[in-house]
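As structure tokens, the structure follows; a few thoughts come after it.
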Number of protein chains: 2
Amino acid sequence: MSNVLTHYQYLHSIPEPGFEEVKTSAYLAEKLAAAGFKVTRNLAGTTGLVAEYDSGVPGPVFGIRADMDALTHIINGKKEFRHTCGHDAHSSMLLAAAEEALASGIIKKGRFKAVFQPAEELGAGALKILESGVLGDVDYLLGMHVRPTQECPAGGAICEMRYSAGCQFRARIKGKQSHGARPHLGINPIDASTCAIAAVNAIHMDPRIPFSVKCTRFHADSGVFNSVPEFADITFDMRAQDNPTMKEMREKVIRAIENGAAAVGAKAEEFEFYTDFPAAEGFEPGFAKVVRESVAEVVGEENIIPAFNTSGGEDFFCFPVNLPHLKVGFVGLGVGAEPGLHHQDMHFDPKYLENGVSIHCRVIKKILG
Amino acid sequence: MSNVLTHYQYLHSIPEPGFEEVKTSAYLAEKLAAAGFKVTRNLAGTTGLVAEYDSGVPGPVFGIRADMDALTHIINGKKEFRHTCGHDAHSSMLLAAAEEALASGIIKKGRFKAVFQPAEELGAGALKILESGVLGDVDYLLGMHVRPTQECPAGGAICEMRYSAGCQFRARIKGKQSHGARPHLGINPIDASTCAIAAVNAIHMDPRIPFSVKCTRFHADSGVFNSVPEFADITFDMRAQDNPTMKEMREKVIRAIENGAAAVGAKAEEFEFYTDFPAAEGFEPGFAKVVRESVAEVVGEENIIPAFNTSGGEDFFCFPVNLPHLKVGFVGLGVGAEPGLHHQDMHFDPKYLENGVSIHCRVIKKILG
């Protein structure tokens with residue numbers, strides 16, 4: 001048995017939000033250095049860190065990436081950080097596997113990198129890791145995420161998580177304020193937004209590729225009920241199973257908003273992108289086979305799900321999108337997570353984390369052994 | 001010269017919001033009692049008051065109504081009460097005219113009532129005056145309002161202000177919350193509201209009668225940008241030149257909202273009416289002639305505007321709508337108000353208030369002299 005439960009117990013007790021994973025990264029750095037890794041902290045000025053081990057023998061460079069951040073919840077009116085997406089589990093599994101790999105001496109060739117990234121939930125952490133350059137020489141990169149029971153039963157695993165592209169942005173629709181008695185002197189940004197949303201809802205995409213777009217927020221208020229407000233802020237959430245579909249949809253959505261608003265004389269003048277996750281790409285048959293074999297050895301052939309399409313997003317896929325040489329794998333781990341990820345009461349059985357550690361170690365051994 | 005400027009100076013210095021006109025009504029009551037009126041305060045449990053004078057000789061009952069409340073503004077981020085609609089002027093003119101009427105002994109027959117109502121801006125004060133019953137025996141009721149320069153030049157007057165019906169209400173559109181990745185499991189209240197607003201904007205009314213309806217507020221937010229919210233609150237402002245048009249439009253607007261929301265499976269389940277002013281009615285040729293002659297005698301025939309249609313609202317017209325026997329008049333007084341009523345910096349030249357006092361006195365004399 002690895003140290004995964006000890007690590008998990010501690011990391012679970014110190015949930016920290018994106019880019020503020022100070023105690024979390026300090027703990028990881030200390031344990032990794034103690035295990036014999038060369039640790040580099042504060043990647044690109046963040047809490048991100050990388051632990052490297054060079055076998056001294058020529059060979060591939062293999063990396064595993066885990067995320068560290070917790071979520072911010074409003075619970076009984078009070079802001080509270082909680083690990084409701086299992087990133088504490090991801091960091092614990094990677095730390096335990098890294099310790100195990102050095103202790104058991106399975107790395108015979110090439111180099112190994114354990115990469116701990118901040119702020120996955122903010123959609124900004126992966127970009128910082130890219131900026132730091134630590135993945136520039138990596139040939140294979142593996143990610144792992146605990147899954148809810150609906151997707152993967154406890155004790156099972158998904159060999160290839162096919163995340164969707166996801167993008168959330170706000171548009172400001174600028175009209176012209178007027179008194180309710182003189183609507184002809186104003187330009188109503190609510191009418192303009194209504195036209196924009198109707199146009200967005202009329203977008204057709206290839207129906208064979210999963211996609212969706214919806215308005216999730218609408219704010220327009222002059223402060224009184226008898227005035228046409230000056231502007232409206234509308235937020236959209238877009239999802240697409242692949243990146244070309246997202247690109248095409250994004251262009252159509254912006255065209256719909258700009259022209260829908262213009263239809264009544266208003267102007268869509270600001271687009272603020274909150275998050276922008278690319279869809280999964282970078283899978284490669286050879287590495288996929290290694291990952292699948294490792295997963296099957298640990299959970300049993302009867303408990304694997306070869307691949308799963310999810311409309312969820314994961315900023316991990318910023319890596320292969322920006323580093324085309326990178327071959328990636330992403331495993332979904334069945335841990336009995338209920339009632340769902342991001343739910344304030346999300347919980348799972350930590351005993352299944354040992355499976356994640358074993359999968360990591362087996363992939364390390366197959367690539368670098 | 002009357003006491004109008006003294007009264008105005010004091011009332012202007014103590015702006016109080018609707019139903020909280022405590023100092024204002026105390027001042028009015030004290031002055032009216034001192035002038036010889038029988039004063040009844042706290043009409044229907046409010047700050048409203050009536051000052052009565054009975055000539056002892058059979059004759060008509062004539063009333064003049066003034067409003068007392070100030071507006072609430074947010075100025076440099078701080079809540080502040082200001083008399084930006086001139087109700088301090090209206091109360092001052094009526095008080096000064098009432099004093100003058102008794103002092104000069106112009107009331108020879110019938111009875112006179114000076115009615116001071118609270119909360120005109122809230123659209124609720126007139127209903128309280130109705131509830132108190134003080135208008136039950138009134139035959140003629142006169143109202144007066146200062147006007148902005150655009151409508152009536154300083155020193156002039158409008159003999160008949162034809163206010164529009166105005167109504168503001170909020171509808172709650174209930175959908176069903178869902179994650180942005182699973183929009184098919186929810187019902188988007190923003191889409192439902194978009195359908196409702198589009199349906200409202202498609203309403204046709206007789207184009208010969210001025211009307212308008214517009215959405216003035218839109219709030220929908222689950223707290224995060226990647227969830228479909230549970231509900232949306234949309235507020236509408238409706239105006240119509242006459243009451244049958246408002247009634248028909250209101251039915252069509254509610255039908256549009258209910259069915260627009262239902263088109264995507266949502267439900268319009270709450271309608272909260274903030275204000276509901278009827279359009280001007282109750283004008284009667286005989287009384288209109290008296291008012292017009294009085295106005296012309298004071299400001300000069302060349303400075304009168306016989307009638308003016310405004311899309312603004314005035315809760316005064318709750319009186320004739322609810323008391324069909326009542327003959328009403330409503331004068332607009334040109335005082336040089338700039339830049340517009342309800343503007344936080346609204347100002348005018350108080351010297352023109354003497355015209356209002358004189359008009360009141362002349363109408364009193366013509367009806368009760």
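The figures here come from the full heavy-atom set of this structure, side chains too, leaving out hydrogens, waters and symmetry mates. Worth saying up front: this structure is predicted, and the values here are computed from it rather than measured. Letters A, B, ... mirror the listed sequences (proteins, then strands); counts begin at 1.
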Report task. Any chance you could measure A:Met238, atom CE, to B:Asn226, atom CG, to the nearest 0.5 Å? Result -> 13.5 Å

**Report entry** A:Ala181 versus B:Gly312, closest heavy-atom pair with distance
**Finding:** CB-N, 4.3 Å

Query raised in the report: Of the non-hydrogen atoms in B:Ala220 and A:His219, which two are nearest, and what is the gap between them?
Result: O-NE2, 4.3 Å

With a 4.5 angstrom heavy-atom cut-off, could you sort out which part of [X] is near chain A: side chain, backbone, both or neither?
X	value
B:His179	side chain
B:Ser227	backbone
B:Asn188	side chain
B:Val200	neither

Query raised in the report: Which bit of A:Asn201 comes within less than 4.5 Å of chain B, counting heavy atoms only: side chain, backbone, both or neither?
Result: side chain

Requested in this report: Measure distances from A:Val224 to the heavy atoms of chain B and classify the residue's part below 4.5 Å as side chain, backbone, both or neither.
Outcome: backbone

Heavy-atom pair count under 4.5 Å with chain B, highest-scoring of [options]:
options	answer
A:Thr235, A:Ile197, A:Ile234, A:Val228	A:Ile197
A:Thr216, A:Ile74, A:Val213, A:Asp237	A:Thr216
A:Phe236, A:Tyr274, A:Phe218, A:Phe169	A:Phe218

**Report entry** Side-chain touch A:Thr275/B:Phe225, heavy atoms, less than 4.5 angstrom
**Finding:** yes

Report summary line: Ranking B:Ser164, B:Ser311, B:Gly180 by heavy-atom pairs under 4.5 Å to chain A gives rank one to B:Gly180

Report task. Check for a donor-acceptor pair, side chain of B:Arg217 on one end and backbone N or O of A:Gly223 on the other, with a separation under 3.5 Å. Result -> yes

Requested in this report: For atom NZ of A:Lys252, decide whether the heavy atoms of other residues, nucleotides or ligands shown that lie under 6.0 angstrom number more than 12.
Outcome: yes

